Enquirer: 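The structure's right below; bear with me while I get my questions together.
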Amino acid sequence: MAINNNKRTFIKALLSMPLIGGGLYFGLKFSRPKIVVVGGGCAGLEFIESIIDKIDVDITLIEEKPAYHSCFMSNAALVEMKEHPKIKFDYQTFIKRAGIRFIQDKALSIDSNTKRIICASGEYVEYDYLITAPGIGFIYDNVEGVSENNTLSYPHGWKGEQSFLALKDKLQQLPDGQPFIIIAPDKIYKCPPGPYERAGLVADYLRHHKPNSYVLILDSKSSFTKQDAFVEGWKKHYQFGTQNSLIKYLSKEAGGQVTRIKGNKVFAKAGTFESECINFIPRQRAGDFALNNGLTNASGWCPINFDTMASTLLPNTYVLGDAAIAGDMPKSAFSAANQARICANAVVAEITKTTLKPSVYHNVCYSLIAPNYGISISAAYKRDYDDPWIRLIPEQTGITPLQSEPWIYRAESRQALDTFNRIIASKFNK
Amino acid sequence: MRSIFISNSVSFLLGVCSMKFLIRYSILLLLYILPFSLYSNEQLSAICISCHSSQQSSYIPNINGQPEQYLKRALLNFRANIVPNTMMTRIANRLSNEDISWLSKYFSSKSISFSFDREINDHPGLDIYNQKCAACHQLSSAGIPILTGLPKEYLGDAIDLFKQGRRIMPASMGYYISNMSEQETKLVIDYLSGFKVVPNGN
Ligand SMILES: Cc1cc2nc3c(=O)[nH]c(=O)nc-3n(C[C@H](O)[C@H](O)[C@H](O)COP(=O)(O)OP(=O)(O)OC[C@H]3O[C@@H](n4cnc5c(N)ncnc54)[C@H](O)[C@@H]3O)c2cc1C
């Protein structure tokens with residue numbers, strides 16, 4: 001190593017000798033800004049794709065896992081829905097196509113004085129701009145009996161492959177007749193319609209594989225996003241609201257709030273429920289990396305400048321995706337990608353010392369209720385200079401109208417797949 | 001002769017229905033249209049490319065390189081809720097007339113070409129396409145969209161809407177569409193959706 005370094009310095013010195021004056025100028029002028037991205041999820045990857053299109057920069061991606069395991073479309077994969085897309089992608093094709101440096105390691109700490117990021121292996125990387133997109137972490141404080149230690153006994157399936165596989169296994173092993181219990185968290189959490197999408201797709205699975213079982217949703221909230229459209233779909237497909245319903249829903253008011261879990265028993269206000277498959281989705285906060293490095297505020301999420309996505313707490317550092325407080329925008333892959341493109345523009349403006357043009361803030365979330373049946377919400381947001389927030393524009397927000405024609409729901413289920421392909425799968429194409 | 005006559009009267013009737021649609025919704029339209037643009041040009045195109053990519057898709061159609069007049073008409077119709085597609089209706093509601101003009105020009109100026117994997121020249125849909133569609137759609141001018149490379153289910157739904165008189169079409173197209181058997185329709189769609197849209201690096 002030492003010899004190598006010496007050799008390199010010697011060669012460098014040799015090469016630069018005839019050029020000292022010009023070479024120095026050349027080196028300064030053309031040393032590319034160093035950008036380090038922590039977290040290769042939707043946000044991190046979209047940022048990289050977007051910025052390499054615009055400017056020549058030196059990019060390093062630090063990602064803990066060798067492959068990305070997508071939560072988007074994971075409900076379809078959980079029940080092995082016919083023609084569900086692949087949700088796990090090796091990083092290598094992305095790395096090669098983007099031509100960036102990849103460090104498979106856990107990023108541990110930020111030294112903002114020396115502008116270094118230190119990894120679990122001890123390796124460190126220097127940056128001019130640090131882009132962090134570490135996703136979410138969990139809080140186990142409101143339900144007795146579950147903690148980080150036994151989370152795989154009550155798998156959330158809300159992050160990472162291990163928990164997803166544990167949940168899938170429990171679903172498949174579920175004795176016919178027992179309910180699949182989903183314990184939905186209180187706001188703010190990633191993918192607001194996610195638990196309800198899961199309910200529908202699991203109900204479809206149970207109908208075919210465990211005809212005496214049903215889905216029970218125990219909710220800590222009074223209502224949820226796209227509720228009317230979900231309920232309409234559940235009525236069409238799962239006899240929702242009748243004795244034979246394949247989905248039962250208990251809101252907070254109906255006693256759905258869970259206080260304790262022990263063995264196969266769930267203790268809620270409405271009573272005790274029993275199952276070998278308890279899908280406990282915990283309360284959430286920004287990922288550990290953000291929390292441990294002073295990027296979060298008292299809310300557990302990361303405050304940012306809404307025009308640039310720069311952290312308001314650490315210099316030269318940006319936060320994208322689920323970890324960030326992005327005003328009224330939900331924690332979705334679509335929003336994460338939107339924020340990533342805004343941030344790429346902001347970093348380019350910063351590097352090139354040009355003015356940043358105003359950005360567009362919008363979100364589209366599709367949810368599947370059954371195979372070939374999807375619904376959606378689309379929303380636009382505005383940034384006003386006298387309003388420190390990314391504000392929802394209610395008049396420009398809409399949900400699939402109730403009683404649409406059948407082909408519309410089918411078309412939306414296909415558009416959901418296209419969106420997944422656009423935001424996630426296509427990143428890993430050759 | 002007889003079938004031409006019948007189909008012509010059908011398309012005439014369909015035309016009347018669509019006129020009713022048009023009149024009903026243009027009244028609504030007058031009330032709701034945004035009087036000014038909310039977006040800069042960069043913002044406008046950013047809205048579209050969030051979903052309309054050059055990647056192969058299963059439903060969302062390619063908009064790059066489509067004729068300007070066609071894109072404009074499509075957006076105006078979405079906004080007026082004449083072409084039912086809930087997502088595009090909702091998105092187009094955010095657009096002013098000026099936005100629609102700019103977007104149509106912008107995406108029509110993108111140059112594209114097509115590639116295909118299988119032996120497309122032997123495809124039984126090619127003949128049907130040449131006989132019944134190509135005369136107009138091959139021109140890609142005067143607001144006639146390019147069908148090549150559009151996704152299968154998107155084309156299927158569009159044809160259904162035309163047949164039901166809910167998308168407006170010229171009488172000649174009504175004639176061909178109503179005279180195409182289910183099998184022929186399937187073959188044409190299969191042929192067209194077999195192409196891949198390739199952006200020409202712009
Ligand atoms: C069931 C479910 C369904 C969903 N469906 C949809 C949908 O239909 N549409 C939609 O738009 N969104 C959907 N989402 C939401 C979407 O998955 C997230 O919003 C999106 O993944 C956010 O992207 P991100 O980049 O912020 O975080 P993530 O995608 O979670 O990526 C974070 C990455 O950072 C890495 N990382 C974390 N810490 C470190 C560290 N210290 N060092 C190195 N690497 C680190 C992780 O390994 C991970 O790869 C769904 C989510 C769930 C759970």
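So you know, we letter chains A, B, ... as the sequences are listed, proteins then strands, and number each from 1. All values reported here derive from a predicted model rather than from experimental measurement.
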Enquirer: I want to check something: taking the side chain as every heavy atom from C-beta on, are B:Y59 and A:S413 in contact at a cut-off of under 4.5 Å?
Expert: no
Enquirer: Is chain B contacted by the side chain of A:A416, its backbone, both, or neither, given a heavy-atom distance below 4.5 Å?
Expert: neither
Enquirer: Side chain, backbone, both or neither: which part of A:I399 has a non-hydrogen atom closer than 4.5 Å to chain B?
Expert: backbone
Enquirer: By a 4.5 Å heavy-atom criterion (distance strictly below it), what part of A:I393 contacts chain B: side chain, backbone, both, or neither?
Expert: neither
Enquirer: Do you know the tightest heavy-atom contact between B:M87 and A:S376?
Expert: CE-OG, 3.3 Å
Enquirer: Given 3.5 Å as the limit, does a donor-acceptor pair link the side chain of A:D418 with the main chain of B:S57, or not?
Expert: no
Enquirer: Relative to chain B, which segment of A:N429 carries a heavy atom at a distance below 4.5 Å: side chain, backbone, both, or neither?
Expert: side chain
Enquirer: Could you list the residues that satisfy side-chain hydrogen bond (donor to acceptor under 3.5 Å, both in side chains) with B:T86, not counting sequence neighbours?
Expert: A:E412, B:R90
Enquirer: Assess whether atom NZ of A:K54 is packed by more than 12 heavy atoms of other residues, nucleotides or ligands within 6.0 Å.
Expert: yes
Enquirer: What part of A:E395 is in contact with chain B, defined as an atom under 4.5 angstrom from a non-hydrogen atom: side chain, backbone, both or neither?
Expert: neither
Enquirer: Hey, could you give me the OG1/CG distance between A:T397 and B:N93, rounded to the nearest 0.5 Å?
Expert: 11.0 Å
Enquirer: Under the side-chain hydrogen bond (donor to acceptor under 3.5 Å, both in side chains) definition, can you give me all pairs with a residue in residues 361-375 of chain A, not counting sequence neighbours?
Expert: A:K226-A:S367, A:K236-A:Y373, A:S332-A:N363, A:S335-A:N363, A:H362-B:S50, A:Y366-A:Q415, A:N372-A:R414
Enquirer: Is there side-chain contact between B:P84 and A:W407, with at least one heavy-atom pair below 4.5 Å?
Expert: yes
Enquirer: Can you measure from CZ (A:R341) to CD1 (B:I49) and round to the nearest 0.5 angstrom?
Expert: 6.0 Å
Enquirer: Output the distance between atom CG (B:D157) and atom CD (A:E405), rounded to the nearest 0.5 Å.
Expert: 10.0 Å
Enquirer: Taking C-beta and beyond as the side chain, do A:S378 and B:M88 meet within less than 4.5 Å on heavy atoms?
Expert: no
Enquirer: With heavy-atom distances below 4.5 Å as the criterion, would you say the side chains of A:P358 and B:Q43 are in contact?
Expert: yes
Enquirer: Check whether A:T400 gets within reach of chain B through its side chain, its backbone, both or neither, counting any heavy atom under 4.5 Å.
Expert: both
